[in-house]
Amino acid sequence: MNSRLLLVCVLLCGYYHALAQDNTPNATIKVSGKALDGATGKPVEYASVVLLHKADSTVAYGMYTQPTGNFSFTAVKPGDYVLRITFMGYEKMEKEVRVTALKPSTTVGTLRLHTAGKVLSAVEIKAEKPAFSMQIDRQVFDAGSMVTADGGTGTDLLKNVPGVDVDIDDNVTLRGKSVTIYVDGKPSPFGDAKTALQMIPAETVDHVEVISNPSAKFEAQGGGGIINIVLKKDKAVGYNVMFNGGVATRGQLNGSVNGSLRIRRFNFFANYYGRYGSQAGSGFSNRHNLVPDSSNTAYFTQANNSHNSDGSHGGRLGLDYYLDKYNTVSISEGINFSNGNNENHILLNYLDADKQNLRSGDRNNSSHYYNPNNNTNFNFRHTTNKENEELTAYVSYSNNKGNSNSDYYTLYQKPGGAEDPDRQSNTGLNHNQFWNAQSDYTTPMGKKGKFEAGVKGTFRKIDNDYTALLFNYDTDQFEKSNSLSNTYSYKQNIYAGYVNVSSAIGNLGYQVGARIEQAQLKGFSYSQNAAVDNSFFNVFPSVFLKYNLPHNQDQSLVFNYATRVDRPDFNDLLPYINNSDPQNIRTGNPDLQPSLTHKFEVNYSQYYPKSHDFLNTGVYYSQANDDIDRLSILDTITGITTTKPMNLAKDQDWGGNFTYQLHLFRWWDVTSNLNLEYSKLTGSGSFSTLTNEYLTYGVNVNSTLRLPSHFNVQLQGHYRSPRVSPQGTTKAMNGIDLGLRKEFLKNNALAISLNISDLLNTQQFSNHYETEAFIQDYERKRTTRFIRLNLRYRFGKMDPNMFKKKKQVEEPEEPIIHN
């Protein structure tokens, strides 16, 4: 055991193609079945299925279960076999099968796998479902195993995921790149990734899928890839209810209720949640002007303190209706209401070359917002008698509104006591409408292949009215500022279609596809008299290859290539000026162009049956052309720094990833992840001086102890080394989270958790900038250390005969259909 490295992650079970199918021409017998989780009834995908010769236990045929849990051997010779199914975290299942020439098709039926367990000192410790697993195009993380996220949000879950960075403002990146957030396989209806994740209680999430290099089936937006949040929704006949509530230091509160009810053809599901919290923050900025401005300012310092409070509540109500065994219709409605208050106090000091005070300022910013949102989803799924053939379609509509108001007041003072006040009052109204429509078709192709095709359209319309009023002390009244106000209308339409073809040649499985997207971005700022009218057409090819090493079903090698795009959104394009920090203003850039990224990955995975350890390691390369990054420019006359997004450079990244899950004991495992990356930024034209290169690394370690009496302890730590930006360096970030969970009652119905986030209070955000005009150090710290107590209680009953009438002839129960 000491010879194994303490660097970890989970893995894998492969693809659905055969390991060693016998191709004898005269053998035409088919053996098929389906593997389900014995506790949840959900399909067990990519489990290893082999047919062994009963006489000598040698392997005759082998394959992996499909995402539906189905498996099917063709061209099986007559004889006596033993069917064996294995998958990490489950007990091995074996079943004798007799194949005769008199039966062209043999069905073993539905086989239920049970989680592995062991009795120690009269205390039964059962393994949870795998915390991590690897599929051909994604990593899957079990949300229930993330003890440190109990009582939190989707953001807290992602802090446990290797390779994902969450900064102190809850912005999410994957390997330093932007991501697109999906919920249940569809784009989030609540806009940006940060907002979407904060609206999802952690207890409602079943698992998280990280797709670093998505195939052509997925939308191409997001250079870092896609993170799919899969919510819990039980479809077994019966009912299930879960209550959750928690408190945390600094007055934070959270609560939710989640339930489902399946009555024959109807499956109802609903949840409601509420959350309130407050945070304090502080920061400073020290800037040295290498070219003094008109007031002879050589040094500028800034210190701020802030206090923010916010609350939200909302829910979702939905229905699945199984028309028959081939057709399912689903509809759901979601609502959310959020509001918050922000207070920020800033001290400003302007110094000459001798660091003598030229003037100082005392600024107070206060703001309030209120955002009501709702979304409607409609889904349809049609299957046929042909195995793995289906047609799906969905339409969703989101209607998000918001209003805000803010006040800025600054009192400048010069040596001698002269005062110069400045006051600004702002109001904002926002209306965001989002339509999303998609249809996909999948059908078998040959004995091992599959054909997929689909079309999609997304239509977003945003209307914004922001009015900035400046106080005129001569007339003693507010006057509208045309340069700071911004009233605009913006439309973004994206039309897409894709084709995927997959099959296998021997031990080599492949999937090739292409996606086309036509994007139209149009907007007009009435107050700025500025228009945005861009149209982008792109083709996104993708190739996935998976090779199962001969004679070893526990190893696989995966190669993939795909292209991604980062399109600028309306905030990046429109020339709106944000002057909440008077010396560091931010604005958009209507000249921005999309950044296209080419991504290559090679991954090797192995499962060790004796120790139950898992290894995944790989290398990757990506190249982003016209990379979008933010550039800060100092006005040497006013001394004000303006930051705006620009197409700066070509960004090349070479990286290696190593993940290992080490089972020290049946009750203790450690999962470690190391990501090493070398990046090179190559500027061109007027930005040629921005050429930069650097080496960075990130480490994530997760230790989980499953102790007797249903007591779990989890310690999670992460470190990310400094990362170079076009104009400087983002400093290192690190943190440690601790989680304790104790489960009570039958079936662990009651659970109490105690979590401490950022145990050592080390989370902060720091930057160092160096340009020809200035050198600046910037640091921000927010409340990141919380002690959170959370309680969860669940109850229910799953029984296929629960709602059947006793005295009538019972109709056969419709099969459970999983979307």
Side-chain angles (χ1 to χ4, degrees), residues 167-171 194 249-252 276-289 295 297 299-311 338-351 355 357-370 403-428 466 468-471 473 478 481 484 577-587 632 638-643 758 761 763-767 769 776-786:
D167 65 19
I168 62 171
D169 292 320
D170 292 338
N171 297 305
K194 177 179 175 180
T249 53
R250 305 184 186 275
Q252 295 200 359
Y276 171 81
S278 63
Q279 284 190 341
S282 62
F284 69 84
S285 174
N286 297 324
R287 190 175 73 208
H288 178 200
N289 293 344
S295 64
T297 301
Y299 296 91
F300 170 70
T301 66
Q302 191 173 307
N304 70 79
N305 289 283
S306 62
H307 182 271
N308 307 320
S309 62
D310 57 79
S338 60
N339 64 88
N341 296 284
N342 305 311
E343 300 286 341
N344 195 16
H345 182 209
I346 307 173
L347 297 176
L348 311 111
N349 285 290
Y350 304 79
L351 311 173
K355 295 189 176 181
N357 184 270
L358 297 174
R359 65 170 179 157
S360 61
D362 190 343
R363 183 178 178 90
N364 287 285
N365 296 344
S366 63
S367 62
H368 171 77
Y369 69 88
Y370 174 69
N403 59 76
S404 63
N405 57 74
S406 56
D407 290 288
Y408 308 152
Y409 177 75
T410 310
L411 182 62
Y412 293 100
Q413 288 186 327
K414 293 183 179 180
E419 295 183 346
D420 182 17
D422 181 82
R423 186 179 176 187
Q424 179 179 332
S425 181
N426 315 295
T427 58
Y466 178 82
L469 302 176
L470 302 179
F471 191 77
Y473 284 89
F478 282 101
S481 169
L484 298 177
I577 297 175
N578 184 330
N579 69 329
S580 57
D581 182 343
Q583 291 299 126
N584 298 280
I585 65 175
R586 289 166 290 170
T587 185
S632 298
T638 64
I640 295 175
T641 300
T642 299
T643 301
D758 195 12
N761 200 29
Q763 285 275 58
Q764 63 183 30
F765 180 78
S766 304
N767 269 333
Y769 297 96
Q776 179 174 314
D777 285 288
Y778 174 77
E779 182 175 303
R780 289 182 59 243
K781 179 79 175 88
R782 295 181 66 182
T783 304
T784 53
R785 181 164 60 186
F786 294 97

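Just the heavy atoms: all of them, side chains too, but no hydrogens, waters or symmetry mates, feed the values below.
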Return the minimal non-hydrogen interatomic distance between [X] and [Y], and the atom names on each side.
X    : Y    : value
R780 : Q764 : O-CB, 3.5 Å
S285 : Y778 : CB-CD1, 4.0 Å
Y276 : G251 : CD2-O, 3.5 Å
L358 : P415 : O-CD, 3.0 Å

- Parallel, tilted or perpendicular: rings of Y350 and Y412 (30°, 60°):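 Correct class here is tilted.
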
- Task: Run through S406, S367, S306, S366 and flag the one making a side-chain contact (heavy atoms from CB on, under 4.5 Å) with N344.
- Result: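 Among S406, S367, S306, S366, the one that satisfies the side-chain contact (heavy atoms from CB on, under 4.5 Å) with N344 is S306.
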
Side-chain donor or acceptor of [X] paired with backbone N/O of [Y] under 3.5 Å:
X    : Y    : answer
Q583 : G639 : yes
R363 : S580 : yes
T783 : A280 : yes

Quick one: pull up [atom1] in [X] and [atom2] in [Y] and give me the separation to the nearest 0.5 Å.
X    : Y    : atom1 : atom2 : value
Y369 : N341 : OH    : CG    : 8.5 Å
N403 : T427 : CG    : OG1   : 9.5 Å
S282 : R782 : OG    : CZ    : 11.0 Å
K781 : Q763 : NZ    : CD    : 7.5 Å
I577 : R586 : CD1   : CZ    : 12.5 Å
E343 : N308 : CD    : CG    : 9.0 Å

- Message: Does R287 form a side chain to side chain donor-acceptor pair (under 3.5 Å) with N289? I'd like the steps, not just the answer.
- Response: CA-CA 6 Å; R287 190 175 73 208; N289 293 344; 3.0 Å; yes

Do [X] and [Y] make a side-chain contact, defined as non-hydrogen atoms from C-beta onward lying under 4.5 Å apart?
X    : Y    : value
P582 : L348 : yes
T301 : F284 : no
Q776 : F300 : no
S404 : Y466 : no
L351 : N357 : yes
F471 : S425 : no
D362 : L347 : yes
L470 : L484 : yes

- Any chance CZ of R359 has more than 12 other-residue heavy atoms, nucleotides or ligands included, within less than 6.0 Å?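 Atom CZ in R359 is crowded, with more than 12 foreign heavy atoms closer than 6.0 Å.
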
- Message: Determine whether N405 and H368 satisfy the following criterion, side chain to side chain donor-acceptor pair (under 3.5 Å), listing intermediate values before the conclusion.
- Response: CA-CA 6 Å; N405 57 74; H368 171 77; 5.6 Å; no

- Query: ring-ring contact (aromatic ring centres under 6.0 Å, His included) with F765: which residues, sequence neighbours excluded?
  - Reply: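 Checked F765 against ring-ring contact (aromatic ring centres under 6.0 Å, His included); zero matches.
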
- side-chain hydrogen bond (donor to acceptor under 3.5 Å, both in side chains) partner of Q424, the single match among N579, D407, N365: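 Result for side-chain hydrogen bond (donor to acceptor under 3.5 Å, both in side chains) with Q424: N579.
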
